[in-house]
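The structure under discussion appears below in the form of C-alpha cells.
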Amino acid sequence: MKVWTSKMLAVSLAGHDKGSLYVVLEELPGYFLLVDGRRRTLEHPKKKKAKHVQLITHLPDALLPRMEEIALDAHVRKILSRYKEYQKTGEEDIERLRASEVQDTIRQKCNG
C-alpha cells in the first residue's frame, strides 16, 4: 500500500465536477492528480489540467498532520470533511471545536 503526502487541496473550476473539492496527490507538468476518496480514489485519481483547478495552500494547522500520511480513501474523506468544517466555522483549531461541541451535547443531556 502506497502512502501519499499532500500539502494542498484544490477546487475544480471547469468540467462536470466544477466546484468539487479534492486533495492534490501529485503535481505533473501541466496537470494535477486529484482524489476525493469517493468517486476518485487513491487507486484511480483524476488527472486534471492545472488551469482548471484553484489550489488551496492555506490550510488549518490541525489538518496538516493528517495530510502527512494518506494511505486510505477514508483518510482523504476525513481531510475534506474537516476542511469543510473549517470553512463553515472559520475556526482554526477544529479539534478544539469538536471537543466543545461534545461537551455542549453532554451538558444538554444531563440538564434536559
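Scope of the values below: all heavy atoms of this structure, side chains included, with no hydrogens, waters or symmetry mates. All values reported here derive from a predicted model rather than from experimental measurement.
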key: Main-chain N/O of Leu42 paired to Asp73 side chain as donor or acceptor, under 3.5 Å   =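 Between the backbone of Leu42 and the side chain of Asp73 there is a qualifying donor-acceptor contact (under 3.5 Å).
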Separation between CZ (Arg39) and OG (Ser20), nearest 0.5 Å, reads 9.0 Å
- Rounded distance [0.5 Å steps], NZ in Lys51 versus CG in Leu13: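 That separation rounds to 11.5 Å.
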Determine whether [X] and [Y] make a side-chain contact, defined as any pair of heavy atoms from C-beta on separated by less than 4.5 Å.
X	Y	value
Leu34	Val24	yes
Ser81	Lys84	no
Arg40	Asp17	no
Leu63	Tyr86	no
Leu25	Val76	no
Glu68	Lys7	yes
His75	Arg66	no

To check you understand the geometry: which heavy-atom pair defines the closest contact between [X] and [Y], and what is its length?
X	Y	answer
Ser12	Lys48	OG-CE, 3.2 Å
Phe32	Glu27	CE2-CG, 3.4 Å
Val23	Leu80	CG2-CD2, 3.8 Å

According to a 4.5 Å side-chain heavy-atom criterion applied to Ile, Leu, Val, Met, Phe, Trp and Tyr, with indirect links allowed, do [X] and [Y] form part of one hydrophobic cluster?
X	Y	answer
Leu55	Leu33	no
Ile79	Tyr22	no
Leu28	Val53	no
Ile56	Met67	yes
Leu64	Leu9	yes

